[in-house]
Student: 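Got a structure for you, written out below as structure tokens; questions coming shortly.
Treat the numbers as computed from the prediction; the structure is a model and nothing was measured.
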2 protein chains.
Amino acid sequence: MHKLYLMTRSEENYIKTIFHLGRKGTQEVATNAIAELMETKPSSVTDMIKKLSEKNLVNYKRYQGVSLTSLGTKTALGIIRKHRLWEVFLVEKLDFSWDEVHEVAEQLEHIKSDKLIDSLDRLLAFPKFDPHGDPIPDKNGGFKERDRDLLSEVPINTVGVCVGVKDSSATFLKFLDKNGIALGNQISVKEREEFDGSLNIEIDGRNLQISHVIAANLYIKTNDEI
Amino acid sequence: MHKLYLMTRSEENYIKTIFHLGRKGTQEVATNAIAELMETKPSSVTDMIKKLSEKNLVNYKRYQGVSLTSLGTKTALGIIRKHRLWEVFLVEKLDFSWDEVHEVAEQLEHIKSDKLIDSLDRLLAFPKFDPHGDPIPDKNGGFKERDRDLLSEVPINTVGVCVGVKDSSATFLKFLDKNGIALGNQISVKEREEFDGSLNIEIDGRNLQISHVIAANLYIKTNDEI
DNA sequence: ATTAAAATTTAGGCAAATCTAAAAATTTGT
DNA sequence: ACAAATTTTTAGATTTGCCTAAATTTTAAT
Ligand SMILES: [Mn+2]
Ligand SMILES: [Mn+2]
Ligand SMILES: [Mn+2]
Ligand SMILES: [Mn+2]
């Protein structure tokens, strides 16, 4: 029934991009937004959208943007599941660092084999999150965003654990490495500088001053939950 | 220097096919042979050969067939290395059976990342042979064909170990499974039926009658070496 | 040595995925 | 409300990899 298996790599990349853009706003996804994220031209996007629409992967009305159908969403989740499982594999089994995995996972996510990905899942002991703290959809596409907050938005004296990054560019991740910030670290927010929004935090015992930009790209899971 | 990295999947598949066809005979590889193995048309092969020739991957003179250049050979060995390492991975780490790995490896062999393949090599403890008994080229493309003989061609009373298959189609491999024939098995040749070339062998203690066709697709490493 | 057969290449086309430039629709600003 | 700016789509090319059909070259058979 689902001919997901005869999708081209390009089609898969469009679907994935539309999924990511669609998550944030509740609006339809704009042609230009897709083009920008995929580093292609709007006219190319329009062409592809028409094809995806034919295949019932997206809802599309001219000039009105696109959204994924349920089939499209399912497809996107399948690709994201593969991407993130491969990222875990690279870190856990092949000793890649978290700033090296994305590029390779971009290739591996297009490998077609249900058995492969389910076996990989088992080998990795069914991980729930990837190396950047992003949730991994299960076999049926089910996944729960973890309850978490940007470090830049929690009140002073909040205590919690670093559970993810918003920006997962290699540049940012290497910066975090250099400053000894990693997922799993205990963090408490000591002070917020009103002038520039920088934070004084305690992380794994050490004191550290981080800019607002950094804080706005770190997710924390606070201890004070119900 | 080597722009191996900007080869398309199609180019890589042609190079790999030319390598495999070139191994056997010492002759140039024929256009039609490539077309048949790749299930494409001779005219398509000619088109691609021209492109590969431009890129200095094959030697080509019109109507005279092709052969790999040293760059082409190096490229082929790189792809074969990846293919076979992935096959080992699938069997050793993901519990695939030896008849299931080839199709997936056909996809995985095109993933571009030196770090990935070298780490995989390490994870697998630098295997020398793939699940079908074929040798795995090392990082530098060096590899030695194991000294072995077709079961159909050794004399009566030869004793040895089953080390490989010539035909590695799923059909043949499943047949071997069904008859309890696996790599590593001790084999001794008891009798050869002149009429049809079938063999009476002892394999891991059991007696078994196998047809000439089967024997002609099983490699044995004999015990009587220097 | 010719002729017939087979192998290979060329010529011309097609589909996918991209692009540039121009046209059309929508949104924004006053 | 209406012109200007922006966004999106269309039109027409290009590249890659493939195809069919026809022409060319090589090989095999008499
Ligand atoms: Mn990633
Ligand atoms: Mn990730
Ligand atoms: Mn194989
Ligand atoms: Mn193999």
Student: Salt bridge between B:Arg81 and B:Asp118, side-chain N to carboxylate O under 4.0 Å?
Tutor: yes
Student: Ignoring backbone atoms, establish whether B:Thr40 has a side-chain N or O less than 4.0 Å from OP1 or OP2 of D:dC19.
Tutor: yes
Student: Please determine if a side-chain N or O atom of A:Lys41 lies less than 4.0 Å away from the OP1 or OP2 oxygen of D:dT8.
Tutor: no
Student: From NZ of A:Lys61 over to C1' of D:dT7, roughly how many Å is that when rounded to an integer?
Tutor: 17 Å
Student: Mind calculating the distance between CG (A:Asp47) and C1' (D:dG12) to the nearest angstrom?
Tutor: 12 Å
Student: Figure out the NZ/C1' separation between A:Lys50 and C:dA15, and round it to whole Å.
Tutor: 16 Å
Student: Taking NZ, NE, NH1 and NH2 as the nitrogens, is one of them in A:Lys61 or A:Glu28 under 4.0 Å from a carboxylate oxygen of the other?
Tutor: no
Student: Per the ring pair (Phe, Tyr, Trp, His ring centres under 6.0 Å) rule, what does the pair list look like for residues 94-137 of chain B, sequence neighbours excluded?
Tutor: B:His83-B:His102
Student: How many whole angstroms separate atom CD of A:Glu54 from atom P of C:dA16?
Tutor: 11 Å
Student: To the nearest 0.5 Å, tell me how far B:Ile49 CD1 sits from B:Ile18 CD1.
Tutor: 5.5 Å
Student: Here's a test of your reading of the structure: between B:Ser43 and A:Met48, which maps to the more 5' nucleotide of DNA chain C?
Tutor: B:Ser43
Student: Looking at C:dT10, does its base get a donor-acceptor pair with the side chain of B:Thr46 below 3.5 Å?
Tutor: no
Student: Just the atom pairs and distances: protein N or O near nucleotides 23-25 of chain C's N or O, under 3.5 Å.
Tutor:
{"from": "C:dA25", "atom 1": "O4'", "to": "A:Tyr63", "atom 2": "OH", "distance (Å)": "3.3"}

Student: Can you tabulate the close N/O pairs, meaning under 3.5 Å, that link protein atoms to atoms of nucleotides 1-5 of chain C?
Tutor:
none

Student: Could you give the CG-to-P distance, from A:Leu52 to C:dT18, as a whole number of Å?
Tutor: 11 Å
Student: With sequence neighbours left out, write down each residue that passes side chain to side chain donor-acceptor pair (under 3.5 Å) with B:Ser97, or none if nothing qualifies.
Tutor: B:Asp99, B:Glu100
Student: Could you give the CD1-to-P distance, from B:Ile34 to D:dC18, as a whole number of Å?
Tutor: 12 Å
Student: Which residues pass the ring pair (Phe, Tyr, Trp, His ring centres under 6.0 Å) test with A:Tyr14, not counting sequence neighbours?
Tutor: none
Student: How close or far is atom P of C:dT26 from atom CD of A:Gln27, stated in whole angstroms?
Tutor: 16 Å
Student: Is the phosphate of C:dT18 approached by A:Ser10 (side-chain N or O, under 4.0 Å from OP1 or OP2)?
Tutor: yes
Student: Donor-acceptor pair under 3.5 Å: do we get one between A:Thr31's side chain and the base of D:dT9?
Tutor: no
Student: Look at A:Ser44 and C:dC19 and indicate whether a side-chain polar atom (N or O) is within less than 4.0 Å of OP1 or OP2.
Tutor: yes
Student: Kindly write out the residues that satisfy side-chain contact (heavy atoms from CB on, under 4.5 Å) with B:Asp167, not counting sequence neighbours, or none if the list is empty.
Tutor: B:Ser169, B:Phe172, B:Asn217
Student: When you measure from the side-chain N and O atoms of A:Asn32 to the phosphate of D:dT6, is any distance below 4.0 Å, counting only OP1 and OP2?
Tutor: no
Student: Looking at B:Tyr14, I'd like to know whether one of its side-chain N or O atoms comes within less than 4.0 Å of OP1 or OP2 on D:dT16.
Tutor: no
Student: CG/A:Leu94 to CZ/B:Arg122 distance, rounded to the nearest 0.5 angstrom?
Tutor: 7.5 Å
Student: Tell me: CZ of B:Arg9 to C1' of D:dC18, nearest whole Å?
Tutor: 16 Å
Student: Tell me if a side-chain donor or acceptor on B:Glu11 pairs with a main-chain N or O of B:Thr8 at a distance below 3.5 Å.
Tutor: yes
Student: Atom CG of A:Leu151 and atom CZ of A:Arg192: how far apart are they, to the nearest 0.5 Å?
Tutor: 8.0 Å
